[in-house]
Number of protein chains: 2
Amino acid sequence: MNNLTSRQFEIFEFIKKEIEFNGYPPTRSEIAKVFGFKSPNAAEDHLKALKKKGVLNIVSGASRGISIVKEDLGIPVIGLVNAGGPILAQENIEKRIPSSQNFLSHGVDFYLRVRGDSMIEAGILENDLIAVNKKAQIKKGSIVIARINDEVTVKTLKSISSELVVLQPENSDYSNIEVNPKTEDLSFEGTCVGLLRDFS
Amino acid sequence: MNNLTSRQFEIFEFIKKEIEFNGYPPTRSEIAKVFGFKSPNAAEDHLKALKKKGVLNIVSGASRGISIVKEDLGIPVIGLVNAGGPILAQENIEKRIPSSQNFLSHGVDFYLRVRGDSMIEAGILENDLIAVNKKAQIKKGSIVIARINDEVTVKTLKSISSELVVLQPENSDYSNIEVNPKTEDLSFEGTCVGLLRDFS
DNA sequence: TTAAATACTGTATATAATTACAGTTATGAA
DNA sequence: TTCATAACTGTAATTATATACAGTATTTAA
């Protein structure tokens with residue numbers, strides 16, 4: 001944690017637990033009471049320190065005007081997807097890209113690292129990161145992230161009906177993938193809403 | 001929602017949003033200001049009504065002593081598990097059992113409905129609900145919920161090593177399942193920590 | 001070694017906030 | 001019709017709370 005002293009960490013943890021338990025933050029006096037301070041000002045000093053270190057927000061004048069600064073974990077980058085589990089499972093997360101570091105972050109649930117060359121004619125190359133929105137409407141013509149029998153693949157959705165889904169690679173060396181969702185296990189993980197390529 | 005009037009619902013939603021946005025609940029005056037009340041007592045009246053209807057907790061004397069009563073959704077009961085997704089996916093949830101209705105709820109993440117008779121010698125019958133803890137230590141001898149190539153199964157964990165996992169059915173008609181986790185897709189969904197059987 | 005930061009005590013005060021009491025008006029159920 | 005509930009206005013008092021100022025002692029980085 002953000003170079004807090006051990007005492008500051010205790011106070012910080014207490015505040016978090018209070019919010020969790022009560023639904024609202026403690027007052028200076030409540031903090032002082034729990035830690036045995038004889039003055040609420042001891043708590044005030046701690047709050048100022050915790051604010052300075054960037055882990056708390058303090059709204060001046062507001063009673064209990066304390067909130068936890070939630071760290072920007074960043075948008076996860078998914079590398080290889082392990083079978084049999086959710087795509088966003090911890091073990092699939094290669095790293096995270098802070099949303100503040102990227103203009104392409106609004107409506108992006110995760111980035112998926114592209115494997116293979118099946119989409120090169122759509123300008124999507126191996127190792128590119130495609131930005132995926134999980135909730136955007138899946139529709140004909142959009143580039144979708146599909147899961148067929150637990151295999152994750154990125155393709156253009158060519159057509160969709162209750163008995164036939166056609167996924168089209170954007171590479172003339174490959175042929176269309178036809179799936180019957182009634183007999184095969186098909187799900188959509190999301191829609192491609194952007195692309196990142198790092199030349200470094 | 002708990003037969004709230006439309007006005008009460010507005011107030012309730014506002015309080016939820018405030019907590020979400022600020023990290024702490026609003027005061028009576030803040031509510032009054034937003035809704036155009038000329039007296040904080042109008043907000044007080046609403047809070048009393050919302051408390052009476054069971055959707056808010058009010059701590060008397062405490063500033064901003066408002067919290068949302070979180071409804072007990074209950075512990076999910078998992079019926080058939082669809083392949084290719086997380087076991088707790090919405091579509092697998094058969095129903096929910098309120099934790100308050102059951103002494104067997106502490107440390108239970110979900111109940112899984114048992115299919116087949118492979119565990120009858122351990123007293124686990126078809127249609128029983130086994131209580132599953134997702135985080136309990138997976139260890140030799142415990143009854144585990146395993147996922148092998150996307151098939152969910154309940155078995156006793158007989159032995160475990162990096163190259164061989166042995167899962168034992170508790171029924172002499174069946175033989176042990178041996179899995180190589182390096183070549184097959186094996187994961188543990190949790191440990192059986194209890195059992196429910198409804199005779200009704 | 002010296003200033004800054006940490007971790008408090010102790011006092012005091014302005015103001016933020018709860019909440020009671022007394023009303024008004026409107027609506028719908030018994 | 002009459003009573004309960006809902007949705008407020010208006011006033012006011014008690015208490016809850018933030019927070020400044022003045023100290024003390026100890027530890028830590030420059």
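Nothing here was measured: the structure is a model prediction, and the numbers come from that model. Note on naming: letters A, B, ... go to the chains in the order of the sequence lines (proteins, then strands), and numbering restarts at 1 for each one.
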Got a salt bridge between B:E170 and B:K155, using NZ or NE/NH1/NH2 to carboxylate O under 4.0 Å? no
Are there over 12 heavy-atom neighbours, none belonging to A:E126, within less than 6.0 Å of that residue's CD? yes
End-to-end bend of the helix from C:dT1-D:dA30 to C:dA30-D:dT1 (five-pair axes, 10° rounding)? 40°
B:K17 bridged to B:E20 by N-O distance under 4.0 Å: no
Got a sec? Which of residues 45-52 of chain B come in under 4.0 Å of DNA chain C, heavy atoms? B:K48
B:L167 side chain near B:T156 side chain, heavy-atom distance below 4.5 Å: no
Look at the side chain of B:N41 against the base of D:dT9 and say whether a donor-acceptor pair falls under 3.5 Å; ignore hydrogens and angles. yes
Using the ring of each side chain (for Trp, its six-membered ring), is B:F9 parallel, tilted or perpendicular to B:F12, with breaks at 30° and 60°? tilted
Does anything in residues 17-40 of chain B reach DNA chain C, meaning a heavy atom under 4.0 Å, and if so which residues? B:T27, B:R28, B:P40
For A:R7 and D:dT28, give me the distance from atom CZ to atom P, rounded to whole Å. 15 Å
Please examine the side chains of B:I68 and B:V55, heavy atoms only from C-beta on, and report whether any two atoms are closer than 4.5 Å. no
Where the side chain of B:E44 is concerned, which of C:dC8, C:dA16, C:dT19 is the nearest nucleotide? C:dT19
A:N180 and A:E184: side-chain donor and acceptor closer than 3.5 Å? no
Here the distance between atom C1' of C:dA7 and atom CZ of A:F12, to the nearest Å, is 19 Å
